[in-house]
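Written below as structure tokens is the structure these notes are about.
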There are 2 protein chains.
Amino acid sequence: MGARSVPVVESRELRYFVAVAEELHFSRAAERLGMAQPPLSRAVAQLERRLGTPLLERSSRSVALTEAGAVLLREGRAALDALEAAEHRTRRAAPAPTGTPGIAIATKAGASDELLAKLLDAHAAEPGAVPVEVVLCGPGQQARLLRTGRVDVALLHPPIDDVEGFDVEALRTEGQVALLPAGHPLSTRTSLRLADLEDLPGLPPPRYPRVDGTYPEGPGSEVHDHAQLVQLVSLGRTAVVVPEVARSHLRGGVTAVPVVDAPEVTTVIAWPPHSRSLAVARLVGTATRL
Amino acid sequence: MGARSVPVVESRELRYFVAVAEELHFSRAAERLGMAQPPLSRAVAQLERRLGTPLLERSSRSVALTEAGAVLLREGRAALDALEAAEHRTRRAAPAPTGTPGIAIATKAGASDELLAKLLDAHAAEPGAVPVEVVLCGPGQQARLLRTGRVDVALLHPPIDDVEGFDVEALRTEGQVALLPAGHPLSTRTSLRLADLEDLPGLPPPRYPRVDGTYPEGPGSEVHDHAQLVQLVSLGRTAVVVPEVARSHLRGGVTAVPVVDAPEVTTVIAWPPHSRSLAVARLVGTATRL
DNA sequence: CGCGCCCATACCCGTGCGGTATCGCTGCGG
DNA sequence: CCGCAGCGATACCGCACGGGTATGGGCGCG
């Protein structure tokens, strides 16, 4: 198994480059990395020398990626994720108290609650069940947690979530309903179409946080969890389309009406390929038998 | 896109650990890494401190992997491969003369020759064809070249080759034939079964190199390419079972007889998932239309 | 035209990586 | 039973390199 070729790029340099490539700004990237700008410039220049190709186009007013730089950004992120995953999975494999010798599952906070509850119950009832740590996270974060090894499995919702590169098993498919303030003209309907819900007067769509934590501009309210969302609807401030399960934990003042032409939402359980973990395989097996 | 969590493990340390874990011997690993043994011991100990868990069980006479160490070996190899891939793919994306702005394909030396030739011809005839570099390699090496980004696509033969983690498209399926010295008693048969070929007197199976370049022990001759193999057969020194295409470039003194119960051999074209390369997509498209 | 933003260069310092020497343990052979 | 040899750990040292501060230089903008 010899002949692993000599490495040229060090992971530290790669992290530096990725920070600069993401910020497109050396000073801001340096700040994010907790270091000064000059050594960062030098490190990136050194990386370019080692790779033998420019990665960034600098003018004194702006920074842009070259073709090679774009490739390295994409591939470098993947490599750094793999590195982080190696670290986390090793920690998890360690004997207690350093690591929890169980498995961790990620799910979007406020989503798939009862499905997850059923899964955990069923798993706990199985012989040889291991402890399961539940990691709640913001929307779109599950994939990253999975890629970086902080969790072993995740519940997510393609095609909204990116499942590229994971093994997945579908658990459930459901339609979507509109949540409307009670008393809204449309709330008496027995079904709706998406077109009915466009530009409802006085009910601007809420603004969800982006993956970087910032919020888009717009008239609607900022929202970051499900309870807030339902509350906003009941206050007559917004209307939204959500998966059917949301009906099960509604409150007064909110009416749910099926939206017949909304895309179906599937919930899948995802895990990293090459997973050699027996515990993961068992959990997935339990999930598919629900 | 903030919040990439702080790294604890450096790629250099990981390479050191992987070397030790593969050798299970600090001094040999140090030699392989081109360094002295004491700093290697220290670096691995430091990695264990950072991860907060022992990776190796040392006695003064032997070294063994712990559970966590086995996980880190597997995951660490993958991470190092990803790192190397980032490097190679970036180089390939660089403008000439540093990188070849084309694509590279790996194939086992001496296998799939005419299939590859047809593919290259067909590709060259397409509009917008890019230069294709052909990388010949030893058996079982294609997957590594693909994983580490030295090539963009590979021709391989599941289930002999591991295609786990790659996207694949089947190109051809064929049976296998036995190559026998002309005049051998079995060479007059019109078909054979695997059982017929067990323990043929005077025709011990050849010894192929393992992935690490060493050869297993045994009575047969060492062999490292197809021409040698055929020559050995014609010299009456061995007999082998190979895919049917081998018939097309036989020489005198060798007879091919179909083996009806040998497993079918499929040739697939494989490429890394998430490949964003248009050139790769086009080459694969061409291949499947052959 | 000058100011300010931003990346590069110059220079210095301290940390940490790698090297040599040596110790301590252990299995083995006489 | 003792000595030797193999191997990993420890001790110590020197230097290379990563990171900091100060400063230069190019270019938009007011």
Side-chain angles (χ1 to χ4, degrees), chain A residues 4 6-66 68-70 72-73 76 80 83, chain B residues 4 6-66 68-70 72-73 76 80 83:
Chain A
R4 185 180 295 275
V6 253
V8 176
V9 32
E10 210 53 45
S11 64
R12 182 185 47 83
E13 297 175 315
L14 202 49
R15 273 189 295 271
Y16 290 177
F17 169 75
V18 168
V20 175
E22 284 178 356
E23 298 282 346
L24 291 178
H25 195 290
F26 280 77
S27 304
R28 274 200 301 274
E31 189 184 2
R32 208 176 89 183
L33 292 167
M35 65 186 293
Q37 168 261 317
L40 178 58
S41 286
R42 211 182 39 188
V44 172
Q46 173 174 322
L47 179 61
E48 289 177 310
R49 275 200 310 278
R50 294 197 199 189
L51 290 174
T53 181
L55 301 168
L56 299 167
E57 305 267 6
R58 296 105 152 138
S59 81
S60 67
R61 304 298 290 175
S62 72
V63 175
L65 285 171
T66 63
L72 187 59
L73 176 57
L80 292 177
L83 219 53
Chain B
R4 184 180 294 275
V6 255
V8 176
V9 32
E10 210 53 46
S11 63
R12 182 185 45 85
E13 296 175 315
L14 202 50
R15 274 189 294 270
Y16 290 178
F17 168 75
V18 168
V20 176
E22 285 178 356
E23 299 281 347
L24 291 178
H25 195 290
F26 278 77
S27 304
R28 273 199 302 273
E31 188 184 2
R32 207 176 91 181
L33 292 166
M35 66 186 293
Q37 168 260 318
L40 178 58
S41 287
R42 212 181 38 188
V44 172
Q46 173 173 322
L47 179 61
E48 289 176 311
R49 275 200 311 277
R50 294 198 200 188
L51 289 174
T53 182
L55 302 168
L56 299 167
E57 305 268 5
R58 296 107 154 135
S59 82
S60 69
R61 303 301 290 174
S62 72
V63 175
L65 285 172
T66 63
L72 187 59
L73 175 57
L80 292 177
L83 219 53

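Each chain gets a letter, A, B and so on, in the order its sequence line appears, and its residues count up from 1.
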Which atom pairs, donor and acceptor, lie under 3.5 Å between side-chain atoms of residues 34-46 of chain B and protein residues at least two apart or in another chain?
{"unit_1": "B:Q37", "atom_1": "NE2", "unit_2": "B:S41", "atom_2": "OG", "d": "3.0"}
{"unit_1": "B:Q46", "atom_1": "NE2", "unit_2": "B:E13", "atom_2": "OE2", "d": "3.1"}

key: Rounded distance (Å) that lies between atom P of D:dC17 and atom CD of A:E10   = 12 Å
inquiry  = Can you measure A:R49 atom CZ to D:dG18 atom P for me and round it to whole angstrom units?
reply    = 10 Å
task = Give the rounded distance in Å between these two atoms: CG of B:L40 and P of D:dC7.
result = 14 Å
inquiry  = If the condition is side-chain contact (heavy atoms from CB on, under 4.5 Å), which residues does B:R12 pass it with, not counting sequence neighbours?
reply    = A:E10, B:R15, B:Y16
Show each protein N/O and nucleotides 19-25 of chain D N/O combination with a separation under 3.5 Å, one pair to a line.
{"unit_1": "D:dG19", "atom_1": "OP1", "unit_2": "A:Y16", "atom_2": "OH", "d": "2.9"}
{"unit_1": "D:dG19", "atom_1": "OP2", "unit_2": "A:R12", "atom_2": "NH1", "d": "3.3"}
{"unit_1": "D:dG19", "atom_1": "OP2", "unit_2": "A:Y16", "atom_2": "OH", "d": "3.3"}
{"unit_1": "D:dG19", "atom_1": "N7", "unit_2": "A:R42", "atom_2": "NH2", "d": "2.3"}
{"unit_1": "D:dG19", "atom_1": "O6", "unit_2": "A:R42", "atom_2": "NH1", "d": "3.0"}
{"unit_1": "D:dG20", "atom_1": "OP2", "unit_2": "A:A36", "atom_2": "N", "d": "2.9"}

message = With nearest nucleotide decided by heavy atoms, which residue, A:Q46 or A:S59, maps closer to the 5′ end of DNA chain D?
response = A:Q46
ask   = Nearest 0.5 Å, what's the CG-CG distance between B:L83 and B:L14?
value = 9.0 Å
note = Residues at least two apart in sequence or cross-chain that pass salt bridge (Lys or Arg N to Asp or Glu O under 4.0 Å) with B:R28, listed by chain then number, are B:E23
task = Output all residues satisfying side chain to side chain donor-acceptor pair (under 3.5 Å) with B:T66, sequence neighbours left out; order by chain, then residue number.
result = none
note = Taken to the nearest whole Å, CD/B:E31 to P/D:dG6 is 14 Å
message = So, using side chain to side chain donor-acceptor pair (under 3.5 Å) as the criterion, who are the partners of B:R58 when residues are at least two apart?
response = B:E48
ask   = On DNA chain C, which is the earliest and which the latest nucleotide, 5' to 3', with an atom closer than 4.0 Å to a heavy atom of chain B?
value = C:dC17 to C:dG27
Whole-Å distance separating the NE2 atom of B:H25 from the P atom of D:dG6 = 10 Å
ask   = With sugar-phosphate meaning primed atoms plus P, OP1 and OP2, does A:R58 contact a base, only sugar-phosphate, or nothing at under 4.0 Å between heavy atoms?
value = sugar-phosphate
